[in-house]
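By convention in this document, chain letters (A, B, ...) are assigned in the order of the sequence lines, proteins followed by strands, and residues within each chain are numbered from 1.
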Amino acid sequence: MRIELEKRPNVSALFSILSPFIAFALTIVFGGIMFALLGKNPAAALYSFFVEPLSEVWSLHELAIKAAPLILIGVGLSVCFRSNNWNIGAEGQFIMGAIAGSILPVVFYDWQSPLVLPLMLVLGMIGGAIFAAIPAFLKAHMNTNEILTSLMLVYVAQLFLDWLVRGPWRNPQGMNFPETRTFGADAILPEMLVSGRTHWGFAFAIIAALLVWFMMRYTLRGFEITVLGQSERAGRFAGFSSRRMIWFSMLFSGALAGLAGISEVSGAIQQLRPVISPGYGFTAIIVAFLGRLNPLGIIAAGLVLALTYLGGEAAQLSIGVSDKVTRVFQGLLLFFVLSCDTLIHYRIRVVRERFAALKTDEAH
Amino acid sequence: MPVKGQIASGPLLAVSNLTKLFGSFAACDAINLHIEPGEIHALLGENGAGKSTLVKMLFGVLAPTAGEILWMGDNVRITSPGDARKLGIGMVFQHFSLFEALTVAENIALSMDRSISLARVAEEAARLSRVYGLPLDPNAHVADLSVGERQRIEIVRALLQNPQLIILDEPTSVLTPQEADRLFETLLKLKAEGRSVLYISHRLEEVQRLCDRATVLRHGKVTGACDPRAETPASLARMMVGNDVAVVTPEGTSTTGDVQLEACHLSVAARTPFAVSLKDVSLKVRAGEVLAIAGVAGNGQSELFDALSGEYPVADDNAVQIRQKPVGTKNINARRLMGAGFVPEERHGHAAVSSLSLSDNLVLARNQSDRRAFLGGGFLKIIRQGAVKAAARRISAAMDVRKSGEDPPAGSLSGGNLQKFIVGRELDRQPAVLVVNQPTWGVDAGAASRIRQALVDLAKAGSAVLVISQDLDEIFEVATEIAVISEGRLSDPYPARELSREKIGLLMGGMHGKTEGAGAAHAH
Ligand SMILES: Nc1ncnc2c1ncn2[C@@H]1O[C@H](COP(=O)(O)OP(=O)(O)OP(=O)(O)O)[C@@H](O)[C@H]1O
Ligand SMILES: [Mg+2]
């Protein structure tokens, strides 16, 4: 006996829309079961995980701060994924963007000018883009699988950052802590609202999402991305180059990841440390899929996944479970999103091997 | 309740009131049909009549909206191709379902039981392809095969399942006459073995040659049943289309205009191990002329198309010239901007993206040549949906494209209707040069005559038209001049009037002999 996936003749439009919601509901159900198995009251635990973080102004600001990089990266990835380029290394591009943007406040710390911040942001984008250029080059010219190369480069970026903050960039006045100097006032991304900590990174994320939405929906470039993602041959017939699209989509998503990296460092952390991301680059992959690769959906999905980070922190404090539950929830969510999508396009069939084997043997 | 004896003598398959709705559109409307054991049954009808939809329901690809399917007298529900295969139904699709990255044997193995080793599948496939005269290399990659070769895979794959009923959806539209003859032998052999065949085709001569009975569909309804041998092609066509089909002749085209499209000693190395290399191809197409290139599939036609269209530019700029300007190194859009239009052979995933709407598929081919009309917003290049949709409507009306809905996805159109749109998309521009690869495969008699007439009219209006085709009837209907391609070499052109079918056959054969010798010399 074996289990087969079989393509459905008709894909239900209704379920395509409902799928993220079903996935989210299933995640909550299974999260509740998990809490129950841990000996916690599921209702209370879920409440403190998903609702409490939304009940206060400061925590809403935290939500926006965490959602900003997720949305920014997720939007870039949606362009990649739609064009059939599988950049899995946004985490590395995020870190490299943060490092490149930090050159000014760390190395040239005594240069003070209103130009510092804009230059940092630009450097951040360049850093992320250059790092994404490596898998782009390898795919476009060496036919290498970008999933593997971009993923492996994440570890290179992480270790490079670790080396920098322990070595050449360590704060000389920092009692040997593995940290850089804290950024000067000119190098800090200001807060957006008077009510709390949300910095301009959130605005960048929303603007980027709207621009990409516009691009995908109305422009020839968006059309090119869609066509090349569906059929390279038809794209060639249209005069589009899939090689150029590899470069465009990888550099574009790398730049957005880099911008997210420098925004996070300059707006929220204000120095470099060995670890500057709780896995934003990976979580953004979930965000992109949960948002159905649609920039507007990605804004919503980014907020949902940001909530899992906050919920994890809150649950750690209030009910005393490890903040690893965040990872568990994110994993559940990705699993359910992908399986809902799969079940929308395919149905499961159980095939009895014996019978089939007999039939074909008879045949010959 | 039928008893056993009656089952054996009753029809193999019967459908009653079988209906398929797409939205409110009835692609099949209360169809009744039965197929006897050991008969070859033809299903006829113009493009969009609902033939593919009907057989897809029989093969479990589409779920019927209403009606019954009786298999050997039993009411069955066929919910998947797996079900159909288990019952003993095999199918060869009009649009193939093959994985390009896999080999022939791997593709076949995918539809088989997994307990059978790949080696055994390859062996069995090789054996069947020998027995039934369908040459096939089990280790070739599908991506490198021509349409005709891909079809053989589908046929062998269906035969491997040892079906009682084998359904072929327009099998010969991509075959050469010789290949088709071999297929007919195969089918007659199957019939002699007591199997039944449900045969869809637009070629009425072959239906007459082959089929015992025919059912005619029009607009989703059965409009008649007949013994095709008692009819003439013209009377069959009338049953399908409802009126007579116009005869096309190349009358009025001429060979005296300026050269608009030229290939000069064009040589292209094979891109993949299974592709054909072009060897020193030279041709000239003048304004007002239709040059047709005949040849057996897989002899360099697609490679020639790629080089002429600029999808794969060549190294020598002078090797291809459009309106007497060298364009060999230019890309496809640069060539379109110089007034050329192109219609590739494969509709799905090359000429059109199935999941995109017709209007999007219009942008696909004309995003640069019509950028003034279709794009706005300066460097933002915003697609003007209004203008594009209006143009798509104009094309659909001009070519009589039958579709469900205003702007449906290309994949939902029947094969022939999509082809009408794809050809119409280029004709709508009135291109000075048009290169068409297999303009009417899978297109019904009425629509084919319309497309061919449009090609002739385009030439008469002063354009240069190059038609690559395997269909000799088509070639004689449209061509002013004819050349033959074989193993990547092109013969000299001959005026169509001076050529007979036999001579073309000889040309193909003669050139084969010559190049085989040359190939052997290279090999050592
Ligand atoms: N998935 C679908 N959604 C909507 N309409 C469809 C779909 N599939 C087919 N149709 C419509 O049903 C009609 C019948 O299509 P079908 O493919 O059965 O025609 P056909 O007789 O096989 O034509 P051809 O000879 O061109 O292959 C067409 O008008 C087509 O547009
Ligand atoms: Mg059909």
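- For Asp306(B), the part sitting under 4.5 Å from any heavy atom of chain A is the side chain, from C-beta outward, and nothing else.
- If you measure heavy-atom distances from Glu311(B) to chain A, the contacts under 4.5 Å come from both the backbone and the side chain.
- Within 6.0 Å of atom CZ in Phe335(A), 12 or fewer heavy atoms from other residues, nucleotides or ligands are found, so the atom counts as exposed in its surroundings.
- Heavy-atom distances place both the backbone and the side chain of Ile382(B) under 4.5 Å from chain A.
- Contact annotation for Ile332(B): only side-chain heavy atoms (C-beta onward) come within less than 4.5 Å of a heavy atom of chain A.
- Heavy-atom minimum distance, Phe237(A) versus Phe342(B): CZ-O, 3.4 Å.
- Only the side chain of Leu356(B) comes within less than 4.5 Å of a heavy atom in chain A; its backbone stays farther off.
- Of all the listed residues (Gln368(B), Lys56(B), His350(B)), the one sharing the greatest number of non-hydrogen pairs under 4.5 Å with chain A is His350(B).
- At a 4.5 Å heavy-atom cutoff, Arg371(B) makes no contact with chain A through either its backbone or its side chain.
- The distance from the CZ atom of Phe240(A) to the CG atom of Asn331(B) is 11.5 Å, given to the nearest 0.5 Å.
- Most heavy-atom pairs under 4.5 Å with chain A: of the set Ser80(B), Ser355(B), Gly377(B), Pro81(B), this distinction falls to Ser80(B).
- A 6.0 Å sphere centred on CH2 of Trp247(A) holds more than 12 heavy atoms belonging to other residues, nucleotides or ligands.
- Neither the backbone nor the side chain of Ser309(B) comes within less than 4.5 Å of any heavy atom in chain A.
- Enclosure of atom OH in Tyr312(B) by more than 12 non-hydrogen atoms of other residues, nucleotides or ligands within 6.0 angstrom is indicated.
- In terms of heavy-atom pairs under 4.5 Å with chain A, the best-connected choice from Leu380(B), Val353(B), Asp360(B), Leu375(B) is Asp360(B).
- Between chain A and the residues Ser354(B), Gly349(B), Ala352(B), Ala365(B), the most heavy-atom pairs under 4.5 angstrom are made by Gly349(B).
- A distance-only check finds a donor-acceptor pair linking the side chain of Asn367(B) to the backbone of Ala238(A) [under 3.5 Å].
- Shown here is Phe25(B), whose CZ atom has more than 12 heavy atoms of other residues, nucleotides or ligands within 6.0 Å.
- In this structure, Lys381(B) places its NZ atom where only 12 or fewer heavy-atom neighbours from other residues, nucleotides or ligands lie under 6.0 Å away.
- At a heavy-atom separation below 4.5 angstrom, chain B is approached by Tyr218(A), Thr219(A), Leu220(A), Phe223(A), Thr226(A), Val227(A), Gln230(A), Ser231(A), Arg233(A) within residues 218-233 of chain A.
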